[in-house]
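Input: a single structure, listed below in structure tokens.
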Amino acid sequence: MKIFSAVKPALGAGIACLAFCCFFGGCARCAAFALAVGMLMYAIAPHICPVLRHFCVAVACGAAARVTCCGGAFVLGTAMPFVTGLALCDGLCALLRAKRGAAKSVLRALARAFAMAAGYALAFPLQTAAAPSPDILWSAAGAFGFALMLGARPFSGALAALACGAACLYTNIFVAVFAAYAACDLLGRPSLARIAVVPLVPGGGLLIAFTALLKGSFALAAGMLLVSAHAFLSIAFARVCAHVLTAAVFRRAPRPQ
């Protein structure tokens, strides 16, 4: 059990990389490489200087894509355990709630995303990545991997992501995230909502936007930034609304984010 506990985060990272590689349209060969590279990079990353960590990870994953002849789906898939989408959502949510240090958290998340984009711009043409697949099963598999990484219950996280993804298909991102956080607050498991919304967080889009900006593709960068900003703000606002509603209706104090 101790050995499994030690390797569980890296295994979760590999599963997340494989699932999101397929989510972005990758083939079985690319997904297999994403599994191996994701586990390796997640195990090595803590030993890299924090200032250079995201840049170095991006360069290594971009180089691995060239060596293995894999495409943009592989690159985006292996980025998912390191991308700062969840951190940016947390920072924006704290900013909307006027918490101290929220602006610094947002800027830190953006700086790390930009560092990753700089690494990809140096090593790989990330803007050629395929569009995401509508298959929510890969979303649930990616959430399963994130749950292992973050120490949550993986099967509960996968089921929650499946439900959240289905809700998003039939409604919109705001409604899906609002429902996920409100339900998890009522169940007393707010951490489960973070896993459920993982596939909806546009971290890959932010990387594409920054990489395109560095490569001079300003039209692509502007389009992806607008789409990503809308999604990030929708997620953050939905989270705040869900916590305020559960606090007001059920007379509970909002749980810490």
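The line from CZ of F20 to CG of L76 is 11.0 Å long, rounded to the nearest 0.5 Å. Going from atom NZ of K99 over to atom OG of S105 covers 10.0 Å, rounded to the nearest 0.5 Å. Atom CG of residue D185 and atom CZ of residue R239 lie 10.0 Å apart, to the nearest 0.5 angstrom. In this structure, OH on Y42 lies 7.5 Å from CZ on F82, to the nearest 0.5 angstrom. To the nearest 0.5 Å, atom CG of residue L206 and atom CZ of residue F232 are 5.0 Å apart. A distance of 7.0 Å separates CD1 in I48 from CZ in R53, rounded to the nearest 0.5 Å.
Partner I235 forms a side-chain contact (heavy atoms from CB on, under 4.5 Å) with one of L92, V201, L86, L88 and no other, that one being V201.
Listed here is the closest heavy atom pair of G119 and A58: CA-CB, 3.9 Å. Scanning both residues, A221 and A212, for their nearest heavy atoms gives N-CB, 3.9 Å. V57 approaches A45 most closely through the heavy-atom pair CG2-CB, 4.2 Å. Smallest separation of non-hydrogen atoms from A31 and C22: CB-SG, 3.7 Å. Across all non-hydrogen atoms, the minimal contact from T171 to A176 is OG1-N, 4.1 Å. Taking both residues in full, the closest heavy atoms of V240 and C93 are given as CG2-SG, 3.7 Å, listed atom of the first, atom of the second, then distance.
Taking the side chain to side chain contact (heavy atoms under 4.5 Å, CB included) definition, one finds that L159 meets it with nothing, sequence neighbours left out.
Heavy atoms of other residues, nucleotides or ligands lying less than 6.0 angstrom from CZ of F174 number more than 12.
Grouping the Ile, Leu, Val, Met, Phe, Trp and Tyr side chains by contacts below 4.5 angstrom, directly or via other members, places L225 with V106. Residues M116 and L220 share a hydrophobic cluster, clusters being chains of Ile/Leu/Val/Met/Phe/Trp/Tyr side chains in contact below 4.5 Å. In the hydrophobic clustering of ILVMFWY residues, with side-chain heavy atoms under 4.5 Å counting as a link, L214 and L110 come out together. In the hydrophobic clustering of ILVMFWY residues, with side-chain heavy atoms under 4.5 Å counting as a link, L213 and L226 come out apart. There is no path of hydrophobic side-chain contacts, each under 4.5 Å, that joins M41 to L52.
Looking only at distances, a side-chain donor or acceptor of T246 sits under 3.5 Å from a matching main-chain atom of H243. Remark: side-chain polar atoms of R66 are paired, donor with acceptor, to backbone N or O of A123 under 3.5 angstrom. Side-chain N or O atoms of T78 include one that pairs as donor or acceptor with a backbone N or O of V75 at under 3.5 Å. Counting only distance, with no hydrogens or angles, the side chain of K8 and the backbone of M149 share no donor-acceptor pair below 3.5 Å.
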List the steps, then state whether side chain to side chain contact (heavy atoms under 4.5 Å, CB included) holds for V175 with N172.
CA-CA 6 Å; V175 173; N172 57 53; 3.3 Å; yes
Apply side chain to side chain contact (heavy atoms under 4.5 Å, CB included) to residues M80 and C21 and explain how you reach the verdict.
CA-CA 9 Å; M80 288 304 104; C21 179; over 6 Å; no
Test side chain to side chain contact (heavy atoms under 4.5 Å, CB included) applied to L122 and F55, step by step:
CA-CA 10 Å; L122 182 68; F55 176 79; 4.1 Å; yes
Mind running side chain to side chain contact (heavy atoms under 4.5 Å, CB included) on Y120 and I208 for me, showing each step along the way?
CA-CA 9 Å; Y120 286 127; I208 293 174; over 6 Å; no
Could you check F74 against F33 for ring-ring contact (aromatic ring centres under 6.0 Å, His included), going step by step and ending with a plain yes or no?
CA-CA 8 Å; F74 167 87; F33 278 122; 7.1 Å; no
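Annotation: side chain of I136 is not in contact with side chain of P199 (no heavy-atom distance under 4.5 Å). Inter-residue side-chain proximity for R29 and C70 is flagged as met; some heavy-atom pair is nearer than 4.5 Å. A 4.5 Å side-chain heavy-atom check between R194 and V198 finds every atom pair outside the cut-off.
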